[in-house]
Amino acid sequence: MRISPSLLSANFANLEAEMKWFNQSSADWLHIDVMDGVFVPNISFGFPVLKHVARICQKPLDVHLMIVQPEKFVGEVKALGAYLMNVHYEACPHLHRVVGQIHEAGMKAGVTLNPATPVSVLEDIAADVDLVLLMSVNPGFGGQKFIPHTLEKVDALRRLLDRTGSQALIEVDGGVNLETGRQLKEAGADVLVAGNYIFGAPDPAQACEALAKL
Ligand code: DX5
Ligand code: ZN
C-alpha cells in the first residue's frame, strides 16, 4: 500500500527532526494540507512555510488544497516542486479547466471529494485525472473518526474508474489507522493518507511501515 503521511500532525517546532525519519521511511509521498479558513473552518500553513519544508523533504509532495479558488495557486504549488496537486470538486465550478492548468504546469492532477459528495459527479472528468482523493472525514482537522460509508464509496469509485477507462489512483484521507487501512485496502484503495496514526505514534517510522505493509 502506498502511504502519504500528513504533515498537519507533525511537530512544527522540530520539522528538521521529523523530516529526518520521514526521508528514510517507507513513506511514498508527503501529504500537505493547505487550509484557508473559508473552504474549511481552519487555517494550517501557507507557501512561505512550505518552501522550507520542500527544501528538506526528499519525497514527492502530495499537496491537498482545502481552499477556495485553488486555480490561483497552481504556480505556487508548482514552485514547491510538487508531484501532485489535489483540488476539491466542491471548490471548482470549472474543474475541467483547473485540471488542464495543473497538467500544463507539469504536475499530476487530483480531484478531492468531501464525504457528502457522491462519486458519480466524477463521471465526466474521471478519465482526465491522475488521482481521486476521497475524504473519509470532514476536512479541516486531523485526528477525526473515520466515516465507515467511505468503504462503499471506494468500491463505487473503483467501478466508475473501470467503466470510464480511467487510470486514476484512489487515495483516502482521514481517520486512517491499521484497522481502517486494512478495510480500505480490501475495498480497493491505492494510497492512504495518515496524520495522527503516524506522527502521534511512539515510533512514527514503524507506524508508517505497518501501514505500508498492508
Ligand atoms: C483533514 C486533512 C487530513 C488530516 C488527516 O482535513 O485533509 O490530511 O491531516 O489526519 P488524520 O490521519 O489524523 O485523520
Ligand atoms: Zn489531507
Side-chain angles (χ1 to χ4, degrees), residues 1-12 15 18 22 25 27-46 49-50 53 57 59-68 70 73 77 80 82-92 108-117 130-151 153-154 169-185 189-202 204-212 214:
M1 178 62 74
R2 274 178 255 198
I3 308 300
S4 192
S6 173
L7 182 69
L8 190 65
S9 299
N11 176 4
F12 271 79
L15 268 185
E18 294 281 38
F22 176 82
S25 73
D28 293 276
W29 302 337
L30 180 65
H31 186 81
I32 293 183
D33 292 302
V34 179
M35 304 179 188
D36 65 355
V38 178
F39 182 70
V40 288
N42 197 9
I43 295 176
S44 55
F45 33 71
V49 173
L50 293 175
V53 175
C57 175
K59 300 204 187 230
L61 306 180
D62 158 24
V63 179
H64 176 196
L65 296 178
M66 283 161 274
I67 64 174
V68 296
F73 296 94
V77 176
L80 289 178
Y83 169 70
L84 171 75
M85 175 166 164
N86 275 302
V87 297
H88 268 260
Y89 165 84
E90 301 85 0
C92 298
K108 300 282 184 198
V111 173
T112 309
L113 300 186
N114 277 335
T117 305
D130 304 292
L131 179 143
V132 176
L133 174 57
L134 293 181
M135 291 309 302
S136 40
V137 298
N138 286 293
F141 306 92
Q144 301 183 81
K145 208 173 158 305
F146 180 81
I147 299 170
H149 177 64
T150 313
L151 297 170
K153 286 179 78 171
V154 172
L169 295 174
I170 301 179
E171 183 177 30
V172 183
D173 185 6
V176 169
N177 54 36
L178 221 44
E179 191 194 336
T180 55
R182 198 168 287 126
Q183 295 168 343
L184 286 165
K185 188 196 169 158
D190 301 300
V191 190
L192 300 179
V193 175
N196 264 35
Y197 179 74
I198 292 178
F199 286 94
Q206 199 184 53
C208 183
E209 175 86 23
L211 281 178
L214 280 178

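Counting starts at 1 for both ligands and their atoms, in listed order. Computed from a predicted structure; not experimentally measured.
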Report task. Hey, could you give me the CG/CG distance between D33 and N42, rounded to the nearest 0.5 Å? Result -> 10.0 Å

Requested in this report: Work out which heavy atom in E90 is nearest to a heavy atom in N114; give both atom names and the distance.
Outcome: OE2-N, 2.7 Å

**Report entry** Any N or O of G143 closer than 3.5 Å to N or O of ligand 1
**Finding:** yes

Requested in this report: Show the numbers, then the answer: is there a side-chain contact (heavy atoms from CB on, under 4.5 Å) between S25 and K59?
Outcome: CA-CA 10 Å; S25 73; K59 300 204 187 230; 4.3 Å; yes

Query raised in the report: Has ligand 1 got any nitrogen or oxygen that is less than 3.5 angstrom from a nitrogen or oxygen of S9?
Result: no

Query - Atom indices of ligand 1, in the order listed, that fall short of 4.0 Å to a heavy atom of G174 - result: 14 (O)

Requested in this report: Find out whether V132 and I170 are in side-chain contact, i.e. whether some heavy atom of one side chain is under 4.5 Å from a heavy atom of the other.
Outcome: no

Report summary line: ligand 1 to M66, heavy atom cutoff 4.0 Å, flagged ligand atoms 6 (O), 7 (O)

Report task. Could you check L151 against L184 for side-chain contact (heavy atoms from CB on, under 4.5 Å), going step by step and ending with a plain yes or no? Result -> CA-CA 6 Å; L151 297 170; L184 286 165; 3.7 Å; yes

**Report entry** Side-chain heavy atoms of L7 within contact of H31, under 4.5 Å
**Finding:** no

Query raised in the report: For the residue pair Y83 and W29, does the interplanar ring angle fall in the parallel (under 30°), tilted (30 to 60°) or perpendicular (over 60°) class?
Result: tilted

Requested in this report: Measure from the Zn ion (ligand 2) to every N/O/S atom of D173 and report the name of the nearest one.
Outcome: OD2

Report task. Give the residue and atom name of whichever protein heavy atom lies nearest to atom 5 (C) of ligand 1, and the separation in Å to one decimal. Result -> D173 OD1, 3.5 Å

Report task. Measuring from the Zn ion (ligand 2), name the closest N, O or S atom belonging to D33. Result -> OD1

Query raised in the report: Is the closest side-chain heavy-atom distance between M85 and L65 below 4.5 Å?
Result: yes

Report task. Specify the protein heavy atom at minimum distance from atom 12 (O) of ligand 1: its residue, its atom name, and the distance to 0.1 Å. Result -> G195 N, 2.7 Å

Report task. Report yes if G175 has an N/O atom closer than 3.5 Å to an N/O atom of ligand 1; otherwise report no. Result -> yes

Query raised in the report: For ligand 1, which atoms sit closer than 4.0 Å to a heavy atom of D33?
Result: 2 (C), 3 (C), 4 (C), 7 (O), 8 (O), 9 (O)

Query raised in the report: Considering only heavy atoms from C-beta outward, does the side chain of L131 approach that of N86 to under 4.5 Å?
Result: yes

Query - Atoms in ligand 1 with a heavy atom of A194 nearer than 4.0 Å - result: 12 (O)

Requested in this report: Just let me know how L8 lines up against ligand 1, side chain, backbone, both or neither, with a heavy-atom cut-off below 4.0 Å.
Outcome: side chain

**Report entry** atom 9 (O) of ligand 1 - nearest protein heavy atom and its distance
**Finding:** S6 OG, 2.7 Å

Report task. Please identify which atoms of ligand 1 are closer than 4.0 Å to at least one heavy atom of H64. Result -> 7 (O)

Query raised in the report: Is the closest side-chain heavy-atom distance between D36 and I43 below 4.5 Å?
Result: no

Query - Numbered atoms and elements of ligand 1 in range of P139, under 4.0 angstrom, heavy atoms - result: 6 (O)

**Report entry** Within-cut-off N or O pair, N138 and ligand 1, under 3.5 Å
**Finding:** no

Query raised in the report: Taking only heavy atoms of N196, which atoms of ligand 1 are found under 4.0 Å from at least one of them?
Result: 11 (P), 12 (O), 13 (O)

Query raised in the report: If we only count heavy atoms from C-beta on, is the E171 to V193 side-chain gap below 4.5 Å?
Result: yes

**Report entry** atom 10 (O) of ligand 1 - nearest protein heavy atom and its distance
**Finding:** G142 CA, 3.6 Å

Report task. Indicate yes or no: does an N/O atom of G140 lie under 3.5 Å from an N/O atom of ligand 1? Result -> yes

Query raised in the report: So, do R2 and L192 sit near enough that their side-chain heavy atoms are less than 4.5 Å apart?
Result: no

Query raised in the report: side-chain contact (heavy atoms from CB on, under 4.5 Å) between F45 and M35: does it pass, once the steps are laid out?
Result: CA-CA 7 Å; F45 33 71; M35 304 179 188; over 6 Å; no

Query raised in the report: Hey, is Y197 one of the residues with a heavy atom under 4.0 angstrom from ligand 1?
Result: no

Query - Nearest-contact summary for atom 1 (C) of ligand 1 - protein heavy atom, Å - result: F141 O, 3.4 Å

Requested in this report: Please could you name the atoms of ligand 1 that M135 approaches to less than 4.0 Å, counting only its heavy atoms?
Outcome: 7 (O)

Report task. Could you tell me whether the side chain of L80 reaches within less than 4.5 Å of the side chain of L61, counting heavy atoms only? Result -> yes

Query - Minimum-distance atom from the Zn ion (ligand 2) among N, O or S atoms of H64 - result: ND1

